[in-house]
Asks: 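Would you mind keeping the following structure in view while I ask a few things?
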Amino acid sequence: MTMFCLDATKPRPPIPSTEHHSPTEAGRQRQGTLWSNLKEVCDLLQIATAVSVNNEEVLFQHVQFKNGQRVHTIGQALDYLYVVNSGFLKTVLIDESGNEQVLSFPMKGDLLGIDGINTRHYASEAVALSDCDVILLPFRKLIALSHIHPALENLMYRVMSRELVREQAMIAILGGLSAEARVARFLVTLAERFAAMGYSSKLFNLRMTRQEIGSYLGLTLETISRTLSAFNEVGLITVDQRTIGIKDIESLRTLRRLSPRARASKGGAAKPSTPAHLSGSAAPAADLMHD
């Protein structure tokens, strides 16, 4: 879906300087020499392409960002779309008081910046949660090349559609599940994403803070901490600071809420924000209530 047309026989120009926020400029000053061709970018996005484009003439530059650096900011002109090659980020909205609302936690293979296409200015802010490597997709070049190769435009739509489906799934989670079920589904989603990237789905580190998880799920920091502790108590997971061990992913996948006894054992996890619908049970039956 991505296309930056360059002549591989000519020197590759540096990324144009920007007058926007200094964190982005600092990231670009540390750019490496790694480039990816069209096929490699499509493979990273997990989309197959049969477009007959000379891969050595369609190259995209990688840029490194340090933990805490901003990849793009709200209101910044849309110059690039970004594909995450490695590392973890968050996208956020920031209100007039400076409060953050976390929208997503992009990781390898995710596309950033599409919320800026409508107005040609980014509607959210993307911040690195670890050292990251992202691939730049110059938007104007992307459009120009899609006119030459219409199939590339279809690839772009496929990726955007996938991002929309993920957002809709999250809205469904926030609107219809208890606090405990939200946390459980979040852990399951992370485990599945890690597995898709070839990492362990049973033991991984949370790159985001509990407060950021709470913002994403519409819960308080205290609720996240109590729920993780309760999950640990009943044997669904193990918790060691930011390291999470998944012990029973199927129970996490189907959990609706913890029983009152399980909550009481850890001082009371948060009261669900929506009523839980109970049917069936699975071990440990006394402590978990499932779909």
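Computed from a predicted model, the values in this text were never measured in an experiment.
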Asks: Ignoring hydrogens and angles, tell me if any N or O in the side chain of Thr223 forms a donor-acceptor pair with the backbone of Leu219 under 3.5 Å.
Replies: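 No, because the side chain of Thr223 does not come within donor-acceptor range (under 3.5 Å) of the backbone of Leu219.
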Asks: Do Tyr82 and Leu137 have side-chain heavy atoms sitting under 4.5 Å apart?
Replies: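 With C-beta onward as the side chain, the pair stays apart.
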Asks: Check whether any side-chain N or O of Ser178 sits under 3.5 Å from a backbone N or O of Arg256 as a donor-acceptor pair, and report yes or no.
Replies: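 Yes; at least one donor-acceptor contact below 3.5 Å.
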Asks: Which residue pairs pass the salt bridge (Lys or Arg N to Asp or Glu O under 4.0 Å) test with at least one member in residues 82-94, sequence neighbours excluded?
Replies: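 As it turns out, the salt bridge (Lys or Arg N to Asp or Glu O under 4.0 Å) pairs with a partner in residues 82-94, which skip direct neighbours, are Lys90-Glu100, Lys90-Glu212.
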Asks: As a quick check of understanding, evaluate side chain to side chain contact (heavy atoms under 4.5 Å, CB included) for Cys42 and Leu155, giving each step before the final call.
Replies: CA-CA 9 Å; Cys42 287; Leu155 296 179; 4.1 Å; yes
Asks: Can you list the residues that meet the side chain to side chain contact (heavy atoms under 4.5 Å, CB included) rule with Glu96, with sequence neighbours excluded?
Replies: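 For Glu96 there are no side chain to side chain contact (heavy atoms under 4.5 Å, CB included) partners, ignoring immediate neighbours.
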Asks: Tell me which donor-acceptor pairs under 3.5 Å the side chains of residues 238-245 have, and how far apart each pair is, sequence neighbours excluded?
Replies:
unit_1: Thr238; atom_1: OG1; unit_2: Gly245; atom_2: N; d: 3.4
unit_1: Arg242; atom_1: NH1; unit_2: Arg207; atom_2: O; d: 3.0
unit_1: Thr243; atom_1: OG1; unit_2: Asn205; atom_2: OD1; d: 2.7

Asks: Under a 3.5 Å distance rule, please check whether Arg166 uses its side chain to pair with a backbone N or O of Ser161 as donor and acceptor.
Replies: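 Flag not set: sc Arg166 to bb Ser161 has no pair under 3.5 Å.
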Asks: Taking the side chain from Arg185 and the backbone from Leu255, do they hold a donor-acceptor pair closer than 3.5 Å?
Replies: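 At least one qualifying donor-acceptor pair exists.
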Asks: So, taking the atom named OG in Ser36 and the one named CG in Leu44, what distance separates them when rounded to the nearest 0.5 Å?
Replies: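 Spacing of OG (Ser36) from CG (Leu44) equals 7.5 Å.
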Asks: Go through it in stages, so that I can follow the logic: the residues are Ile246 and Leu203, the test is side chain to side chain contact (heavy atoms under 4.5 Å, CB included), and I'd like the CA-CA distance, side-chain angles, deciding distance and then a yes or no.
Replies: CA-CA 6 Å; Ile246 302 295; Leu203 187 67; over 6 Å; no
Asks: Determine whether Arg158 and Asn154 satisfy the following criterion, side chain to side chain contact (heavy atoms under 4.5 Å, CB included), listing intermediate values before the conclusion.
Replies: CA-CA 6 Å; Arg158 286 176 55 190; Asn154 293 331; 5.6 Å; no
Asks: Nearest 0.5 angstrom please: Met160 CE to Ile114 CD1, how far?
Replies: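 If we round to the nearest 0.5 Å, Met160:CE and Ile114:CD1 are 5.5 Å apart.
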Asks: Can you confirm whether Gln211 is buried at CD, in the sense that more than 12 heavy atoms of other residues, nucleotides or ligands lie under 6.0 Å from that atom?
Replies: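 Atom CD in Gln211 is not packed in, count stays at 12 or less.
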Asks: Answer whether the closest heavy-atom distance between the side chains of Asp248 and Glu250 falls below 4.5 Å.
Replies: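 Answer yes - side chains close enough.
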Asks: Taking only residues two or more places apart in sequence, or in another chain, which ones meet Asp95 in a side chain to side chain donor-acceptor pair (under 3.5 Å)?
Replies: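 Side chain to side chain donor-acceptor pair (under 3.5 Å) list for Asp95, sorted by chain: Asn99.
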Asks: Going by heavy atoms in the side chains, are Tyr216 and Ile213 under 4.5 Å from each other?
Replies: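 Answer no - side chains too far apart.
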Asks: Donor-acceptor check, side chain of Gln76 to backbone of Thr73, threshold 3.5 angstrom: yes or no?
Replies: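 Here the side-chain-to-backbone pair exists.
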Asks: Using atom types as modelled, flag every donor-acceptor pair under 3.5 Å from a side chain in residues 120-136 to any protein atom, sequence neighbours excluded.
Replies:
unit_1: Arg120; atom_1: NH1; unit_2: Ile117; atom_2: O; d: 2.4
unit_1: His121; atom_1: ND1; unit_2: Thr119; atom_2: O; d: 3.2
unit_1: Tyr122; atom_1: OH; unit_2: Tyr80; atom_2: N; d: 3.2
unit_1: Tyr122; atom_1: OH; unit_2: Tyr80; atom_2: O; d: 2.5
unit_1: Ser124; atom_1: OG; unit_2: Asp115; atom_2: OD2; d: 2.5
unit_1: Glu125; atom_1: OE2; unit_2: Arg70; atom_2: NE; d: 2.8
unit_1: Ser130; atom_1: OG; unit_2: Phe88; atom_2: N; d: 3.1
unit_1: Asp131; atom_1: OD1; unit_2: Asn67; atom_2: N; d: 3.2
unit_1: Asp133; atom_1: OD1; unit_2: His62; atom_2: ND1; d: 2.6
unit_1: Asp133; atom_1: OD1; unit_2: Asn85; atom_2: ND2; d: 3.0
unit_1: Asp133; atom_1: OD2; unit_2: Gln64; atom_2: NE2; d: 2.4

Asks: Are any side-chain N or O atoms of Glu40 and backbone N or O atoms of Asn37, one a donor and one an acceptor, separated by less than 3.5 Å?
Replies: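 At least one qualifying donor-acceptor pair exists.
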Asks: Tell me every residue that passes side chain to side chain contact (heavy atoms under 4.5 Å, CB included) with Arg140, counting only those two or more places apart in sequence or in another chain.
Replies: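 Counting only residues at least two positions away or on another chain, Arg140 forms no side chain to side chain contact (heavy atoms under 4.5 Å, CB included).
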